[in-house]
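Pasting a structure below so you can have a look.
Naming convention: chains lettered A, B, ... in sequence-line order (proteins, then strands); numbering from 1 in each chain.
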2 protein chains.
Amino acid sequence: MGKHHDHQDCLQALRPIRDTLDVISGTWKLQIIISVNAGNRRFTEIQRSIPKLTPKVLAKELKELEQNGLIERTITEGYPILIEYFPTDYAHTLDQVVESLQYWGENHRRHIFGKDSKKEKETK
Amino acid sequence: MGKHHDHQDCLQALRPIRDTLDVISGTWKLQIIISVNAGNRRFTEIQRSIPKLTPKVLAKELKELEQNGLIERTITEGYPILIEYFPTDYAHTLDQVVESLQYWGENHRRHIFGKDSKKEKETK
DNA sequence: CATTTCACTATCCTTTAGGTAACTGCTATA
DNA sequence: TATAGCAGTTACCTAAAGGATAGTGAAATG
């Protein structure tokens, strides 16, 4: 009913928004993407680059990231077999999303803790 | 070390990104914001506008949204006392974030299911 | 021959998000 | 007086995410 932006639009926007959040949220997904982008290719290399990340969780996350086209798993035959993970071009389509999340988060921290410094939040 | 965008930058970006995701993710937060923006003000009114949302969860989410400055809770003395929830101006700073999540999600659905229609995902 | 590395998998456990159902004190309405 | 609405709270339960620990088979290294 509204000319540009009504309630139904908002509700219909929820599905793609949920999809995006499912793809990038969770404790490890963005960290893994960053690690692979930084040049880590092998399973144990990625694992060692991210403190506290266990192999069980890494294996699961890598599968999901691969299914979503954000990384590529390659097998190079030979002795021994070589398994590597690479960033995809498609992963860069996330850049604007990540940037806007980062920007808002930085501003929000100022908004909440800036003037009114009653509360402190764990910086960890 | 990179001129514009190195690994350290990426890691430092994680904290604000996590903050933003904490504020908006979860099953209900965006739906509640939409409902309040659409004009629902009273607790039960908001609850009725969102199917399957229970009072326990709504109470918890409203507190968090209020702490994050995204809605405002007002008490109007009188008989009976009137409690209302209002959208804040600050909530609109989320617009670009939400828009980029929506846009990426729409594109991703095409990317994954567009050409290669082997898999189908629940549309529910 | 023993140990280590690689890429994982298997089992079990804890934490957190969220759901179910009932109930509270208060006021309003029939 | 009985019932219903408002704005929640309480106690209990389930499912999913993630952590801890150990083990797998193959190959490489000492």
Side-chain angles (χ1 to χ4, degrees), chain A residues 14 17-36 39-68 71-86 121-122 124, chain B residues 14 17-36 39-68 71-86 121-122 124:
Chain A
L14 277 172
I17 292 169
R18 283 267 104 247
D19 286 347
T20 306
L21 292 174
D22 289 348
V23 170
I24 63 171
S25 66
T27 316
W28 304 111
K29 295 212 176 68
L30 287 171
Q31 277 179 262
I32 293 167
I33 291 174
I34 291 170
S35 174
V36 173
N40 296 302
R41 301 280 175 258
R42 315 288 300 275
F43 189 92
T44 42
E45 204 176 14
I46 297 166
Q47 196 197 328
R48 277 193 296 257
S49 76
I50 303 175
K52 314 264 181 182
L53 175 55
T54 62
K56 189 195 86 170
V57 173
L58 178 57
K60 194 198 117 217
E61 302 285 23
L62 286 171
K63 271 172 205 157
E64 293 181 22
L65 291 172
E66 201 199 353
Q67 277 172 19
N68 283 309
I71 59 172
E72 214 195 321
R73 181 183 192 267
T74 66
I75 305 173
T76 309
E77 301 291 342
Y79 298 94
I81 250 180
L82 178 64
I83 296 175
E84 287 170 300
Y85 296 90
F86 290 93
K121 200 176 176 183
E122 350 73 64
K124 244 194 174 175
Chain B
L14 276 173
I17 292 168
R18 283 267 104 247
D19 286 347
T20 306
L21 292 174
D22 289 348
V23 170
I24 63 172
S25 65
T27 317
W28 304 111
K29 295 213 177 65
L30 288 171
Q31 278 180 261
I32 293 167
I33 291 173
I34 291 169
S35 174
V36 174
N40 296 302
R41 300 280 174 258
R42 314 289 299 275
F43 189 93
T44 44
E45 204 177 14
I46 297 166
Q47 195 196 329
R48 277 193 296 257
S49 76
I50 303 174
K52 313 265 180 182
L53 175 55
T54 62
K56 186 195 89 170
V57 173
L58 177 57
K60 194 195 117 219
E61 302 287 23
L62 286 173
K63 271 172 204 159
E64 292 180 23
L65 291 172
E66 200 200 353
Q67 277 172 19
N68 282 309
I71 58 172
E72 214 196 321
R73 182 183 192 266
T74 65
I75 306 173
T76 307
E77 302 291 343
Y79 299 95
I81 250 180
L82 178 64
I83 295 174
E84 286 170 301
Y85 295 91
F86 291 93
K121 199 177 179 184
E122 349 76 61
K124 178 187 197 204

So if I apply the side-chain contact (heavy atoms from CB on, under 4.5 Å) rule between A:W28 and each of A:V57, A:L65, A:I33, which one comes out positive?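 Single pass found, and it is A:V57.
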
So A:K60, base contact, sugar-phosphate only, or nothing? Heavy-atom distance under 4.0 Å.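 Result for A:K60 = sugar-phosphate.
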
Contact check, side chains of A:K60 and A:K63, non-hydrogen atoms, under 4.5 Å: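 No, every pair of side-chain atoms sits at 4.5 Å or beyond.
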
Would you say the base of D:dG19 and the side-chain of A:K52 have a donor-acceptor pair closer than 3.5 Å?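 When only heavy-atom distances are counted, A:K52 does not reach the base of D:dG19 through any donor-acceptor pair under 3.5 Å.
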
Length of the line joining B:L58:CG and D:dG8:P, which is rounded to integer Å: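 Distance, rounded to whole Å: 8 Å.
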
Residue A:V57, side-chain atoms from C-beta onward, closest of C:dT9, D:dG19, C:dG18: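 Closest nucleotide among those given: D:dG19.
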
Return the value, rounded to whole Å, for the distance between atom CZ of A:R42 and atom C1' of D:dA28.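 Interatomic distance, CZ of A:R42 to C1' of D:dA28: 12 Å.
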
Side-chain N or O of A:R41 less than 4.0 angstrom from OP1 or OP2 on C:dA7?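 The answer is no; no side-chain N or O of A:R41 sits under 4.0 Å from OP1 or OP2.
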
For residues 71-82 of chain B, which side-chain N or O atoms pair as donor and acceptor with protein atoms under 3.5 Å away, sequence neighbours left out?
unit_1 : atom_1 : unit_2 : atom_2 : d
B:R73  : NE     : B:Y85  : OH     : 3.2
B:T74  : OG1    : B:E84  : O      : 3.4

Any side-chain N or O of B:T44 under 4.0 Å from OP1/OP2 of D:dG5?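 For D:dG5, OP1/OP2 do not have a side-chain N/O of B:T44 under 4.0 Å.
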
How long is the line joining CG of A:L62 and C1' of C:dT9, in whole Å?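 Roughly 14 Å, once rounded to whole Å.
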
Report the distance from atom CD of A:Q31 to atom P of D:dG18, rounded to the nearest whole Å.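 Rounded to whole Å, this separation is 11 Å.
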
So, the side chain of B:S35 versus the backbone of B:I32: is there a donor-acceptor pair under 3.5 Å, distance only?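 The answer is no, because no donor-acceptor pair under 3.5 Å joins these two groups.
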
What's the NZ-C1' distance between B:K56 and D:dT14, to the nearest Å?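 Atom-to-atom, B:K56 to D:dT14, this comes out as 11 Å.
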
Looking at D:dA7, D:dT9, D:dA22, which one has an atom nearest to any side-chain atom of B:F43?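 For the B:F43 side chain, the nearest candidate turns out to be D:dA7.
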
Side chain to side chain contact (heavy atoms under 4.5 Å, CB included), that's the test. Do A:I34 and B:L14 meet it? Break it down for me. CA-CA 10 Å; A:I34 291 170; B:L14 276 173; 4.0 Å; yes

Give one of base, sugar-phosphate or nothing for B:K63, where a contact means two heavy atoms less than 4.0 Å apart.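 Sugar-phosphate only.
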
Taking CD1 from A:I24 and P from D:dA17, how many angstroms apart are they, rounded to a whole number?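 Roughly 16 Å, once rounded to whole Å.
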
Go through residues 71-85 of chain B and report each residue with a non-hydrogen atom lying under 4.0 Å from DNA chain C, sorted by number.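 Only B:Y79, B:P80 qualify.
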
Donor-acceptor pair, distance only, cut-off 3.5 Å: does the side chain of B:E45 make one with the backbone of B:R41?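 At least one qualifying donor-acceptor pair exists.
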
Nearest whole Å is fine: how far is C:dT16 P from B:E61 CD?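 Taking CD of B:E61 and P of C:dT16, I get 16 Å after rounding.
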
Please report the shortest heavy-atom distance between B:L58 and B:F43, naming the atom on each side.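 Closest heavy-atom pair between B:L58 and B:F43: CD2-O, 3.5 Å.
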
d(CD, A:Q47; C1', C:dA7) in whole Å: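 Atom-to-atom, A:Q47 to C:dA7, this comes out as 10 Å.
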
Side-chain N or O of A:T54 versus OP1/OP2 of D:dA20: is the shortest distance under 4.0 Å?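 Negative; the distance criterion is not met.
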
